[in-house]
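Structure record follows, encoded as structure tokens.
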Amino acid sequence: MNLLLLRVEKTRTQIELQKSFEKKGFNVKTLNLKKLSLLSDRKKTELKNGDINFDKINAVYLRAPLQINSFVEPLLDIFKEKKIYCQYKPNSYYNSSNEALQFNALNLNGIKIAKVVTFGDSNTIQSHVNKFEYPVLFKSFRKQQKSQTILVESARSLKSIAKSIRFNIDGAVIREFVEGPVEDCAVIGDKVFTIRRKWLGDEPQKLSKGKLVKLSKTEKETAVKAAQVCGFDIATVKLAQGNVSKVRPGISYLTFSKKSGDSMFDEVADFYSKKLNFK
């Protein structure tokens, strides 16, 4: 069974993943995304790299930042067309790089989320400040990247923040703040590993300082379904009082392995093996 590890840079995580895949019996090749080209004509789009014959690849493990979604999405389409398994599905990167789109997808599929409102400019925000229950989380975006996140305690503070925006923003998301700790869930297929983090002022404590906890059956099902709705078989799902606040590709392998005592690398390799019916 031939597996390709696609990544932007060589890291300890990639090295450990390769070891776990090889231990499971996979024939593993690695490739930097920067060395991969997409050649399109009127008929089709092809993957080009002199070292890799994609017709002989059975599965891909992809590690890529959301910021390069315009490059990743065509790859995901090609993997699907060639029947190459990847832990991410087409449109997953587009939707998850846009927080408003992700919340809409979760909401349409019956996933519990806090009230979310999306704005296109600061003037519109100012006219809506009295329509929220405070506190709220304010996030602004520029060039498809989050530029700031602020925990806002009152309508007056939110209006002041909106007035203070001095540059053009692509949009803003305001989400009602759910009191309580944040639960980061590492979802691998139908398995869920969870670290709970306390809030420290305007942000939760570092993941490495959190505590490993067990979720209820309902919360586990919510985390798995949220990942699937967003097109991810492997993802981090953030919960607060049972509400999904964010879903992103990938997990913090080293931290979750240390906290749980289980190798997340082996868990992923085992998941791939079962997914591909490879023994």
Side-chain angles (χ1 to χ4, degrees), residues 1-33 36 47 49 51-65 72-73 75-93 96 184-195 212 214-215 217 220-237 247-279:
M1 186 71 72
N2 297 318
L3 182 142
L4 177 65
L5 273 173
L6 265 178
R7 77 303 190 267
V8 174
E9 58 183 355
K10 189 174 183 178
T11 63
R12 180 182 170 187
T13 292
Q14 181 241 304
I15 293 171
E16 294 300 324
L17 274 171
Q18 183 171 349
K19 289 179 181 177
S20 290
F21 278 124
E22 289 175 342
K23 190 164 59 177
K24 273 287 180 181
F26 286 93
N27 176 32
V28 181
K29 295 182 180 293
T30 64
L31 180 65
N32 191 316
L33 273 168
L36 185 62
L47 298 169
N49 178 270
D51 298 325
I52 304 293
N53 182 352
F54 282 90
D55 290 333
K56 294 185 178 181
I57 297 297
N58 305 107
V60 166
Y61 181 90
L62 176 66
R63 284 179 62 85
V72 170
E73 282 295 342
L75 286 180
L76 298 178
D77 286 332
I78 293 174
F79 294 154
K80 182 179 180 180
E81 181 184 335
K82 289 181 172 290
K83 297 183 179 179
I84 297 173
Y85 173 73
C86 180
Q87 80 271 35
Y88 307 137
K89 306 299 181 288
N91 294 320
S92 60
Y93 261 59
S96 292
D184 289 70
C185 305
V187 177
I188 303 173
D190 59 1
K191 288 190 176 182
V192 181
F193 304 84
T194 306
I195 295 176
L212 189 76
K214 289 186 177 181
L215 296 179
K217 181 181 178 182
K220 282 185 178 181
E221 290 173 348
T222 296
V224 171
K225 186 177 179 181
Q228 292 174 345
V229 163
C230 292
F232 303 135
D233 285 340
I234 298 173
T236 296
V237 178
V247 182
R248 62 176 176 81
I251 61 177
S252 298
Y253 284 90
L254 297 173
T255 301
F256 274 97
S257 295
K258 183 177 180 180
K259 289 286 183 180
S260 68
D262 297 314
S263 169
M264 296 296 105
F265 309 103
D266 288 349
E267 291 287 349
V268 168
D270 186 58
F271 168 74
Y272 264 68
S273 181
K274 292 176 180 176
K275 189 77 176 178
L276 299 165
N277 295 316
F278 176 51
K279 299 179 180 180

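Quick note: residue numbers are just sequence positions, from 1. These values consider heavy atoms only, across backbone and side chains, with no hydrogens, waters or symmetry-generated copies. Since we're looking at a predicted model, the values are computed, not measured.
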Using side-chain heavy atoms (C-beta onward) and a distance below 4.5 Å, is Q87 in contact with L62? yes
Tell me whether the rings of Y272 and Y61 are parallel (<30°), tilted (30 to 60°) or perpendicular (>60°). tilted
Do the side chains of V268 and F21 get nearer than 4.5 Å, heavy atoms only? yes
Salt bridge D55-K82, side-chain N to carboxylate O under 4.0 Å: yes
Got a sec, which residues hit ring-ring contact (aromatic ring centres under 6.0 Å, His included) with F79, two or more places apart in sequence or on another chain? none
Would you check if there is a donor-acceptor pair between the side chains of D184 and T236 at a distance under 3.5 Å? no
Can you find a pair of side-chain heavy atoms, one from L31 and one from L36, that are under 4.5 Å apart? yes
Taking the ring of F256 and the ring of F193, is the distance between their centroids below 6.0 Å? no
Are F232 and S96 close enough that some pair of their side-chain heavy atoms sits under 4.5 Å apart? yes
Sequence neighbours excluded, which residues qualify as side-chain contact (heavy atoms from CB on, under 4.5 Å) partners of N58? M1, N2
Measure from the side-chain N and O atoms of S273 to the backbone N and O of F278, and report whether any donor-acceptor pair falls under 3.5 Å. yes
Near D190 CG, under 6.0 Å, is it more than 12 heavy atoms from other residues, nucleotides or ligands? no
If only atom types and distance count, is the side chain of T11 paired as donor or acceptor with the main-chain N or O of Q14 below 3.5 Å? yes
Taking G189's backbone N and O only, do any of them form a donor-acceptor pair with D233's side chain (distance below 3.5 Å, no angle check)? no
Would you say that more than 12 heavy atoms from the other residues, nucleotides or ligands in this model lie under 6.0 Å from the NZ of K89, or not? yes
Students often mix this up, so state it plainly: with edges at 30° and 60°, are the rings of Y88 and Y93 parallel, tilted or perpendicular? tilted
Distance from I188 atom CD1 to M264 atom CE, nearest 0.5 Å? 5.5 Å
Pairs flagged by salt bridge (Lys or Arg N to Asp or Glu O under 4.0 Å) wherever residues 5-18 is involved - sequence neighbours left out: E16-K19
Contact summary for C86 and L76, nearest pair of heavy atoms: SG-CD2, 3.9 Å
Close side-chain approach of R63 and V8, heavy atoms under 4.5 Å: no
Heavy-atom pair with the smallest gap, counting every atom of S20 and F265: OG-CB, 3.2 Å
Measuring only between side-chain heavy atoms, which start at C-beta, is L47 closer than 4.5 Å to L75? yes
